[in-house]
Every structure is written in C-alpha cells, then in structure tokens.
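What follows is a set of notes on a single structure, which appears directly below.
Numbers restart at 1 for each chain; the letters A, B, ... are given by sequence-line order, proteins then strands. What you see is a predicted model; the values in this text were computed from it and never measured.
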2 protein chains.
Amino acid sequence: MIDIIKSAYQHPLLSEEDLQRIASAHRKEEMEKGHVLLGEGKVANEYYILESGLIRSFVHDYDGNEITTEFFVAGEIVIVPTSLFRRSPSQETLVAVTGSVLLKIGFAEFQELFHGIPGFSEWGRLWFTHQLFAMKQRSLDMITETATNRYLKLMRDKPQIIQYVPLKQIASFLGITDTSLSRIRKEIIP
Amino acid sequence: MIDIIKSAYQHPLLSEEDLQRIASAHRKEEMEKGHVLLGEGKVANEYYILESGLIRSFVHDYDGNEITTEFFVAGEIVIVPTSLFRRSPSQETLVAVTGSVLLKIGFAEFQELFHGIPGFSEWGRLWFTHQLFAMKQRSLDMITETATNRYLKLMRDKPQIIQYVPLKQIASFLGITDTSLSRIRKEIIP
DNA sequence: GTCATTTCTTGTCATTTGGCAAGACGATAT
DNA sequence: ATATCGTCTTGCCAAATGACAAGAAATGAC
C-alpha cells in the first residue's frame, strides 16, 4: 500500500515520515463492478486513490442523458473536488466500471494533513494546478481537434477504457454520438 | 485598494489583519491597451487581481492561429497557474484588451502568505476548486450546448466582452469560426 | 441452451459548421 | 478627402455530425 501512496503523493518536500503519516490516513476498500462511490445529490466526504480498476464519472444533461465527464485509471485520484471541498451536493456520479481496489481518505483526515504538513499542501496545490491544466487542455481539444483525433488521444492515454466501457459512454465523453464514434472507428481500424 | 482585496480574497477564516497583510503584498500597476502581461514562453513570476479593464489570454494552435482561452473581467484573478506554480514556460499569452488597472503580487510573497496564513491556503484551495468547476463546466458546455447557446451564455456572463473584443477572438473562444459567429449573431439579434 | 436485453453497426437524410472569396463598413493616418 | 487596413457580413459549396430506424452481434439471466 505504501508504494501506491508514494507514487500518488510525489513531492520533494514530503519526507518518509510524512508519507507514513499520510498512508495511515487511508483505508483500503474493494468494490465490485457497478458500485456507486458517490451518488448524484450526495455530499462527498472522502476521496480515493485508485489502486486497480476503472472508475467513471458522469452527469445528466437537460434531456436526462448521461454525459461521461471523466475516466479514472489506476494511480489517479478519484474525487469530485467541488462537492468535497465546498461540502455541497455532487452533480456528478462516481461509479465503478470494473471491480476496483481503492485507498480511501476522509475529509477531516485530509484537512489535518493539509494544514499539518507543508509538503502536503504544496503537493495539493500542484495537484490542482495539474488538474486545471488537464481540464483546460480538454476544452482546447474540444475546440481544436477533430472527433477522430480526440478518440485517438483517448486510446493513446487510457487504452484500458476501450476494453471495458460501452461505446456510448466513450462517445459522450468525446462530445459526439455513439453513431459517429462507430463510424470513426470504422475509418481508423482498417 | 483594500476593498478590491477584500472582495477578491473572501474566506471566513481571513481576519481583518490577515487582509491587511495580504493587501500590503500587492502593488498597483496600470497598463495601456495592448500591453503584454505575460508572453508565450516566459515563466510567470506573479499574478494579478484585475481592478478595472479587460484581459485576454490565448494560445496558438498547430496552424499558428490564435485561440482565445479566457477573458478576465474586473474582480477576477489574472493568472496562468501552470506557469506560476510549476515555474515553467507559459503556453499562454496574457494581453490587455483595454487600458487596465491591476494589483500585482509576486510568487515569493504569495508563498509566504500561503504557508503563513491558514485562511489564505484555505482560500487558495477554494479558488482552485472553483476554477476546476468552471473549466469542467466549459468542457461540458462545449459538448452539450450549441454554439448559439455558448454565445448567449458568454453575453450574459461577461457582456463587456462584446463591446471591446473583435468577433474573431470571441469566436475562437467559443470554438467556432468568425463566419459562423457572424451568422449566429444575425439569427439572434432580430 | 434459450431468451431477452444491450450494444454496435449501417443506411438515409437533415442540420450545422467550415473554407473560401467578395464586398460592405468603419476607423485612422496622411 | 482619399487611401488603407482591419473587421464584419454574406453567398456558395463541401465536410462533419446528428437524428432516426433497422438489423446484426454480443452479453447476461434463467
């Protein structure tokens, strides 16, 4: 478990002791495919490090269709920041696409670490910075890249997804219909 | 100046003294239309609170076209987080659309406040949370909303922009061509 | 194994948007 | 006043994508 912790919380200011303390604030949790980690309208009280498996988050649009907002793969932080940090009801639902193993940490425990370990708050700020960058890049890609390229990028970055996730859910993440995605795949593969 | 500071750094944990200390870390700076606050490839060493005026950020796509990534209006934090916090060259350029007045704070001064004032680091985390939410919303809008609706939203949220910014720059922010935007405006206005 | 359900593909046609180019309009400099 | 430059609009046609529907394939329940 400590290995996963070390790879997730990488920062020069974090000592071995810091990491031990951080690790002991986490609890291992396993769940089967389909389990809902956070339901729409609930307030998040924890976040997770994904040790193995695949997690998906989605929202509903005005017509009630599911729009996939994120795929979380092993090593990533599984979190709905707005709900956790503003203590507000989540618009997003978190659900396990496959059986998964996660390390869970509660909000209170996180707070303690954030204010008690300078390296941890630095890590936190860098994590946010990275997330912001990734989200901005995603917006930019929606503008500058064709649907085909967005699909190719996703395949390159998170190939696991193609294996386990229905086309429709991938399509909504890419901003197209499953029909279009089907045609795009036809163009690409041969 | 203290008023702007107070409205920008709102958090229950921040006392009057804290705000005074924060305020004194800022310096007022005025600049004329067209001034570049941060050039592509430079490392940001500060961020700003926009007191009045309008700032735009943009990147270049693979063809060298400018893509507007953000419009900053009065009261907002003008910043390129990745460059400032990772001390890395900025992909984005910050430029004044109109003459502007800003409150500037350096990276070192920010660091001191961030680690010296608990309420300030809490404020920082909430700011990041809000930014993340806004960026995610933007991605979602690019997927779920029509170009027309995206334009209407922008008009509603930041009407100042329409007045000062060329159509082409607004169009690239919305992910369409200036031609399309021109047609959309034609549909809307009458 | 069989049935039912979901997922994926494919066809047809409509809509949106882009690429390109011409012309109108407006601001500014001389 | 004229010339010039950037901005905005508009027309024409092409490309990408969506909506809808039918059928094939895969998956899961019993």
Rounded at 0.5 Å granularity, tell me how far OH in B:Tyr48 sits from OG in B:Ser100.
11.0 Å
Do side-chain atoms of A:Arg21 reach the backbone of A:Glu16 as a donor and acceptor pair under 3.5 angstrom?
no
Presence of salt bridge, A:Glu109 and A:Arg27, under 4.0 angstrom:
no
Quickly work out the A:Tyr164 OH to C:dT7 P distance and round it to whole Å.
17 Å
Nearest whole angstrom, please: distance from the P of C:dG26 to the CG of B:Leu167.
15 Å
To the nearest Å, give me how far apart CD (A:Gln163) and P (C:dC8) are.
13 Å
Under 4.5 Å between side-chain heavy atoms, hopping through other hydrophobics if needed: is there a path connecting A:Leu84 to A:Phe72?
no
So does B:Lys186 get a side-chain nitrogen or oxygen closer than 4.0 Å to the phosphate oxygens (OP1/OP2) of D:dT10?
yes
B:Ser172 side chain to B:Thr68 backbone, donor-acceptor under 3.5 Å
yes
When you check every protein heavy atom under 4.0 Å of nucleotides 14-20 of chain C, what one-letter string (B, S, -) results, 5' to 3'?
---SSBB
B:Ser90 side chain to B:Val43 main-chain N or O, any donor-acceptor pair under 3.5 Å?
no
Compute the angle between the rotation axes at the two ends of the helix from C:dG1-D:dC30 to C:dT30-D:dA1, each taken over five pairs, rounded to 10 degrees.
50°
Residue of the set B:Leu102, B:Ile4, B:Ile49 for which side chain to side chain contact (heavy atoms under 4.5 Å, CB included) holds with B:His26:
B:Ile49
Distance under 6.0 Å and angle within 45° of the ring axis: does B:Arg138 meet both against B:Phe173?
yes
Sugar-phosphate atoms are those with a prime plus P, OP1 and OP2; base atoms are the rest. Using that split, label each nucleotide of nucleotides 24-30 of chain D B, S or - for protein heavy atoms under 4.0 Å, 5' to 3'.
----S--
Grab the CG-P distance between A:Asp178 and D:dA22 for me, whole Å please.
16 Å
Between C1' of D:dC20 and NZ of A:Lys168, the distance in whole Å
13 Å
Round to a whole Å and report the spacing from CD1 of B:Ile188 to P of D:dC8.
15 Å
Would you tell me whether B:Thr82 and A:Thr129 have side-chain atoms, one donor and one acceptor, within less than 3.5 Å of each other?
no
I need the single residue from A:Glu70, A:Glu66, A:Glu92 that forms a side chain to side chain contact (heavy atoms under 4.5 Å, CB included) with A:Arg56. Which is it?
A:Glu66
Step through it carefully: locate the ring centre of B:Phe133, locate the ring centre of A:Phe85, and say whether they are under 6.0 Å apart.
no
